[in-house]
Amino acid sequence: MAATFGDSSSWSTALVKISPYTFSAVGIAIAIGVSVLGAAWGIYITGSSLIGAAIKAPRITSKNLISVIFCEAVAIYGVIVAIILQTKLESVPSSQIYEPESLRAGYAIFASGIIVGFANLVCGLCVGIIGSSCALSDAQNSSLFVKILVIEIFGSALGLFGVIVGIIMSAQATWPAKSV
Amino acid sequence: MYGFEAMTFNIHGGYLEAIVRGHRAGLLTAADYNNLCQCETLDDIKMHLSATEYGPYLQNEPSPLHTTTIVEKCTLKLVDEYKHMLCQATEPLSTFLEYITYGHMIDNVVLIVTGTLHERDVQELLEKCHPLGMFDSIATLAVAQNMRELYRLVLVDTPLAPYFSECITSEDLDDMNIEIMRNTLYKAYLEDFYKFCQKLGGATAEIMSDLLAFEADRRAVNITINSIGTELTRDDRRKLYSNFGLLYPYGHEELAVCEDIDQVCPCCDGKISSLPINFLQTILRREPDA
């Protein structure tokens, strides 16, 4: 075992002795869990305004479901990335768990999960708040819908940025080759 | 002041906010008013209103319409919408909505007591009351002889009970005392409402303090003008002014000593910003009501 991390009672040793599997698992959990939190938050924000506004202006219901679909897409990104990340998990022999290569793979999956989770959280929130305003203004003046939709499209791009970076990070998750 | 409210507001307020915006779209526009101005008969008015949001409320009325029927049905629309919102609201919005009715309750109480004093029939008075200010046992008000009885018999069970602490005397009810009672109750109500809004903080406190300050100032000027030339002493007049608003406290000092309607406008100069003061000046240039 390489004793290159200072003496055994330092914090750095404690940190690197956490199994990379822990980090990977937490990363995957955050990827899906926090994304779904963002999507749900966005959907309820949009949905409550949409239902109230549709009482006096029933024509807005079908068009404004697009906002709900954008929020839902955020959850789907989370699911996709979580599935990709779990395919990156490999088992390594116990002698190699604390190799730098293993730790790197574990941290990569963790980082990817956090990136995707939190990017989707704020994206879902953003799209939800814009969607609620879109429903309310569409009820008053139907020419506003398409213009506000453009804002929503820009907002939903935030989740995509997170997914792209997350997938690139997960390509870093190469576990050490099994030694013969 | 305005923070991350958009993230959690829709939990309790999203549906009601959307409904209120829908109601705002249903308000009569200048074009509607132009049409109504050109109507010759009440049936024309009913026809024009049938194209607006008031249509469903008026369509079942039989043909010889009275003005009071039209007004009653249109008020009914307001009451229905208000009640719908009140059922859907959670705290603190439901308390806030109930505060709005207390002003109408005070007006109804005074209406019934004055009417009874002038020997009118209770049923007739009940029909004239504003529907938003109705409460159970309102008819019992006709039995009371003085304010203490009024409080003990009826008002102690209503939300107006806390506003009575300054008002309970054993004097008999006559016109002057009833007006003083109305203004004292309204003063206590406005101050209570103001404190409640301040406690809620945020956008509510900011916007409501402006609206309530305007209401308090308007009532102060109203009380001053109506009490010029009556037996109301200056101290009594000062007691009826609310403890907040742009005119508090220096404007109130000046208003309390006004003896003539022309002295009222200069009291407000410099204390109220230009918009309310233009409103005030327009009113004061007209003949004051008796």
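Proteins get letters first, then strands, A, B, ... in listed order; numbering begins at 1 in each.
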* To do: Select one option (side chain, backbone, both, neither) describing which atoms of A:Ile55 are under 4.5 Å from chain B's heavy atoms.
  => side chain

* Asked: Which one, A:Ala57, A:Ala135, A:Ala53, leads in non-hydrogen pairs under 4.5 Å with chain B?
  -> A:Ala53

* Check whether A:Ser132 gets within reach of chain B through its side chain, its backbone, both or neither, counting any heavy atom under 4.5 Å. => side chain

* **chain A contact via B:Gln88 - which portion, at a heavy-atom distance below 4.5 Å** => neither

* **Point-to-point distance, once rounded to the nearest 0.5 Å, from OH of A:Tyr44 to CG of B:Asn10** => 7.0 Å

* Within 6.0 angstrom of B:Glu91 CD, more than 12 heavy atoms from elsewhere -> yes

* Structure fact -> Under 4.5 Å to a heavy atom of chain A? For B:Ile11 that would be both

* At what distance, to the nearest 0.5 angstrom, does SG of A:Cys126 lie from CE of B:Met7? -> 12.0 Å

* To do: Count the heavy atoms of every other residue, nucleotide or ligand shown that sit under 6.0 Å from CG of B:Asp136, and state whether that count exceeds 12.
  => no

* To do: Quick one: closest heavy-atom pair of A:Lys56 and B:Gly22, and the distance?
  => CG-CA, 3.8 Å

* Asked: Has the side chain of A:Gln140 got a donor or acceptor atom that lies under 3.5 Å from a matching backbone atom of B:Arg21?
  -> yes

* Structure fact -> To the nearest 0.5 Å, atom CZ of B:Phe9 lies from atom CD1 of A:Ile129 at 12.0 Å

